[in-house]
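In what follows, a single structure is set out as structure tokens and then discussed.
Chain naming here is simple, since letters A, B, ... match the order of the sequence lines and numbering starts at 1 in each.
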Amino acid sequence: MDFTLTEEQELLQETVRGFVANESPATAVREIFDGERSAKPALWKGLVEMGIAGLTVPETHGGAGLDLLDAALASEVLGHFAVPVPFLEHTLTVTALIEGGGSEQQSHWLPRLANGDALGTVALGEGEDTWQPTHWTARFENDVVTGTKRYVPAAEKAGVFVVGIAGGGLALVDASAAGVTVEPMPTVDRGRPLFTVHFENAAATELASAAAQRVLDAGLVLLAADSFGAADRLIRMTADYANTREQFGQVLAQFQGMKHQIADMAVDVVPTRGMWWYAAHAFDQKMAGAGRAAALAKSHVTDRAQQTARQAVECHGGIGFTWECDVQIWFKRVMQDRLLFGTPERLRENIAATGGW
Amino acid sequence: MDLEFGEKYETLRAQARDFARSSWPLQGDEAKLPEREQGILWKERAIAAGFLHRTVPAAYGGGGLEPDVLAETVIRQELDEAGVPHRGSMQGTHMLVPTLLECGTEEQRQAYIRPTLTGVMRWCQGYSEPGSGSDLASLQSRAVVDGDEWVINGQKIWTTQATEAEMMFGLFRTEPDAPKHGGISYLLLSMDTPGIDPRPLQMMQGGLDFCEVFFNDVRIPAANIVGKRGEGWKVSRSTLKHERMLIGDSTGSRKSFEGLLELARNTPRDGRPAIEDPHIRQRIAELEGYVTAREWAVARIISAVAQNDDMKVMDDMLMAKIASTNVTQMTAKIAIDLLGDLGLEEPSGDAIVMGYGGTDAASWVSQYMTSLSGAIAGGSSNIQRNIIGERLYGLPRDRRPEGH
């Protein structure tokens, strides 16, 4: 029984942390929120050079051959710094190819995804909380896909789409194919903009349909890890603020009301770390109940993170409610993590059904 | 990461299971003994077989083995599963014994540890007083030396099982002129000493699990002190540390969650089992999130402790008590909503339980009330929130009036 991280895994987190702490400080994320620029390409490029894009790509295809757990550990760090990079969607594209791709699809795309030549993304939901494979209606016939996908991350820059199709399967679409139209949408989390993508008889190849649920499950784990990192950051930001801001001649943290509120935020969030560790591990080992563990982790961690984000705003007082305050950046990060790939309520319907009750 | 215990521990697990199944329930004439004596007999055998109190030195009646949290985990899982009487009076085994091992004299260890492990000697804890709860160090019950005896006067309160225990360990003011924390000594008392008067206090669910204890010129041997005069506060800190760990165990959370599921299956709502109600399903699924988080937090703690890496999991360790209390209370709240008007019926008899006691309606009504005790016993949740804020997030200590 060894429910701990390996030295390599701790080193991976340290390495990513060292890079993003320098290259993606809050001031840089803020520039994106303020509309002064979009994410600097150098940020993703730097992560690609560190091997983050190919983290889970098999070594035979030029990647590091690591597991979802390793990717989740990277997600935690990215969430902690609210790093505006397409790690989730890119990694899930890799998952789709590993789990459902034929050798031709794999050898064409995986090396390009690993070295960052191509960015991958996933086009699954169609609006109105239709994230489950059974919900999808995009048609795949005669090697073309037709349908509209919503809330597709990083679609603007993607080179390849993994598209959820009617019947619960997946298809692969080259972004340069005719009939693919990407339409920006205003996104609450400006660091990770979402898009609507129309596929109109776009050339596509099919992936093995069993990959669909695996992609979703992996997504749930990565979102849980990201929001854990973000929530941890929010608690620390709040503690720092409470240790600095003075009222009635003393720092706010001197008041038990504030101190206990921060402790309660921590008690809600910190003990959830093992949940997404386990969900990732169960996914990697293809354990029975892995999907359920992913749903439990995503629904629980993101709900706790959201509650913590709301408390963080409250603890910051008036400034916490402003655009100027950095809390909004992490607040919105958590909002997106929580709603993407299904609300906690929808996931809990599955948790109940798969729990045998 | 490897969630398998591996061959060594699985072998041990199988041995523990075999032992548990073959050793309990007792057979023949032994089965006719009073329940408590059966428990003592079983514990003696479990210790001898190496499945109970493994790390207490053999010279004092334990197993004499090196600490091995993984071994203890697989064994406890099997003993829990088999329903053997391995969980005795925790005050003695989990608080007094570690304290004596750290601070006791050789004579004290010889005299008290062995009978405590087997359950022959049960202990109660004389800490809280009517005027001293969270501010324990303000305690006023005093002990003065008279010849070769301590003479004790005063009152303790919230003393669990004081009427059953043979012994008490407690804190008493022995140096009235010393500063608050420096004037306290840690004493050991036989509960049948003349002048000790334990009176049960009725709890809100009707149970009589704790007492107030009055001391009127109680005389005990001067040797019954652990550590030096005036060092009782320090001695007691090691005890409280053990108690917090104890309450942070997660096995109970899953057990009462399973009990809740059973209740939801068996409770009719509009002619259908309540568990089919979408709203109930949501609440239970959300609760399972908390239960699962606790389990993996504990797994993380156990794994780190096994690697002597306790500092890495200090966050989860310091949060264990509140997190566990929260889960217990949430479970009970859902249960009372499932019960509906059955929750109006006052529990009686066996249903007056402390903690999770079963799946019948009346036990849940008890549990609805007693689940609140987790936020109080062993250091209140609000004090624990201070500790979390101060130790993990660098928040300042409370300002205290001078002398406190």
Side-chain angles (χ1 to χ4, degrees), chain A residues 1-6 9 67 69 235-236 238-240 242-243 250-256 258-264 266-268 270-282 284-285 287 293 295-297 299-301 303-304 344-345 347-353 355-357, chain B residues 1-6 9 69-70 73-74 261 264-265 275-276 278 280-286 288-290 292-304 306-307 309 312-313 315-316 318-320 322-323 326 381-382 384-390 392-399:
Chain A
M1 174 78 175
D2 179 13
F3 194 58
T4 64
L5 303 180
T6 62
Q9 286 165 334
D67 290 329
L69 176 57
I235 298 166
R236 289 176 195 285
T238 305
D240 287 347
N243 266 334
Q250 59 181 23
V251 293
L252 295 184
Q254 192 70 60
F255 295 99
Q256 274 198 341
M258 181 65 71
K259 193 168 166 180
H260 287 188
Q261 199 167 358
I262 292 169
D264 280 335
V267 170
D268 237 16
V270 171
T272 67
R273 185 193 297 272
M275 277 185 105
W276 58 265
W277 279 14
Y278 169 70
H281 180 72
D284 291 329
Q285 303 300 316
M287 290 164 69
L296 269 168
S299 57
H300 190 71
V301 179
D303 250 1
R304 305 284 73 79
E345 190 177 293
L347 294 172
R348 288 186 183 121
E349 288 171 9
N350 292 352
I351 289 165
W357 35 281
Chain B
M1 195 167 285
D2 179 5
L3 303 185
E4 302 295 326
F5 278 88
Y9 293 109
V69 68
L70 299 183
T73 300
V74 295
L261 280 179
R265 286 193 181 99
I275 200 159
E276 294 177 14
I280 294 293
R281 291 166 82 77
Q282 284 292 323
R283 287 184 71 188
I284 296 178
E286 180 171 14
E288 191 174 359
Y290 283 96
T292 311
R294 282 287 304 132
E295 287 171 331
W296 292 112
V298 169
R300 185 169 170 258
I301 293 172
I302 291 171
S303 299
Q307 297 174 13
D309 238 346
K312 260 190 196 161
V313 292
D315 51 3
D316 269 334
L318 290 178
M319 293 177 195
I322 301 184
N326 288 349
S381 289
N382 276 342
Q384 200 64 24
R385 288 183 179 100
N386 278 358
I387 296 171
I388 290 166
E390 289 160 19
L392 298 176
Y393 296 96
L395 308 182
R397 286 175 63 90
D398 291 355
R399 292 224 171 93

key: Pairs of heavy atoms under 4.5 Å with chain B: top-ranked of Q285(A), R304(A), M258(A)   = R304(A)
message = Distance check, rounded to the nearest 0.5 Å: Q9(A) atom CD versus M1(B) atom CE?
response = 6.0 Å
request  = Name the region of Y9(B), side chain, backbone, both or neither, that has any atom closer than 4.5 Å to a heavy atom of chain A.
outcome  = neither
key: Part of L69(A) within contact of chain B (heavy atom distance under 4.5 Å)   = side chain
request  = Just jot down the salt bridge (charged side-chain N to carboxylate O under 4.0 Å, His left out) partners of E276(B), sequence neighbours excluded, or say none.
outcome  = R272(B)
request  = Tell me, for E349(A) versus chain B, whether the close heavy atoms (under 4.5 Å) come from the side chain, the backbone, both or neither.
outcome  = both
query = By a 4.5 Å heavy-atom criterion (distance strictly below it), what part of T4(A) contacts chain B: side chain, backbone, both, or neither?
reply = both
message = Minimum heavy-atom separation for T292(B) and M275(A), please, with both atom names.
response = CB-CE, 4.0 Å
Q282(B) versus R348(A), closest heavy-atom pair with distance = OE1-CB, 3.6 Å
task = Before giving the answer on side chain to side chain contact (heavy atoms under 4.5 Å, CB included), spell out for Y393(B) and N243(A) the whole-Å C-alpha distance, their side-chain angles and the decisive distance to 0.1 Å.
result = CA-CA 9 Å; Y393(B) 296 96; N243(A) 266 334; over 6 Å; no
request  = Return the option, out of A304(B), A299(B), G6(B), with the maximum number of heavy-atom pairs under 4.5 Å with chain A.
outcome  = A299(B)
task = Sort out for me which of A297(A), P271(A), A295(A), P344(A) touches chain B most, counting heavy-atom pairs under 4.5 Å.
result = P271(A)
query = Around Q307(B), counting heavy atoms of other residues, nucleotides and ligands shown, do more than 12 lie under 6.0 Å from its CD?
reply = yes
ask   = In chain order, what residues pass the salt bridge (charged side-chain N to carboxylate O under 4.0 Å, His left out) check against R300(B), with sequence neighbours excluded?
value = D315(B), D316(B)
key: Max heavy-atom pair count under 4.5 Å with chain B, selected residue of D264(A), T272(A), T238(A)   = D264(A)
Within-4.5 Å side-chain heavy-atom neighbours: W296(B) and H281(A) = no
key: Under 4.5 Å from a heavy atom of chain A, the part of E288(B) involved   = both
task = Measure the shortest side-chain to side-chain distance between M1(A) and S303(B) over non-hydrogen atoms and say whether it is less than 4.5 angstrom.
result = yes
task = Could you look at Q254(A) and say if it's the side chain, the backbone, both or neither that has a heavy atom under 4.5 Å from chain B?
result = both
query = Is chain A contacted by the side chain of A306(B), its backbone, both, or neither, given a heavy-atom distance below 4.5 Å?
reply = neither
ask   = Can you tell which of I388(B), L318(B), L395(B), I322(B) has the highest number of heavy-atom pairs within less than 4.5 Å of chain A?
value = L395(B)
message = Using side-chain heavy atoms (C-beta onward) and a distance below 4.5 Å, is K259(A) in contact with D398(B)?
response = yes
task = Measure D240(A) against the heavy atoms of chain B and call it side chain, backbone, both or neither at under 4.5 Å.
result = neither
message = Let me confirm one number: the CH2-CZ distance from W357(A) to R281(B), rounded to the nearest 0.5 Å.
response = 6.5 Å
query = With respect to chain A, which residue among P396(B), A323(B), A264(B) yields the maximal number of heavy-atom pairs within a distance under 4.5 Å?
reply = P396(B)
inquiry  = Under a 4.5 Å cutoff for heavy-atom pairs, which residue among W276(A), F3(A), F255(A) has the most contacts with chain B?
reply    = F3(A)
task = Measure distances from D284(A) to the heavy atoms of chain B and classify the residue's part below 4.5 Å as side chain, backbone, both or neither.
result = neither
remark   = Heaviest contributor of heavy-atom pairs below 4.5 Å to chain B, chosen from D303(A), I351(A), V270(A), is V270(A)
ask   = Is chain B contacted by the side chain of V301(A), its backbone, both, or neither, given a heavy-atom distance below 4.5 Å?
value = neither
Proximity breakdown for N386(B) and chain A, heavy-atom pairs closer than 4.5 Å = both
task = Would you mind checking which part of I284(B) comes under 4.5 Å of any heavy atom in chain A, side chain (CB onward), backbone (N, CA, C, O), both or neither?
result = both
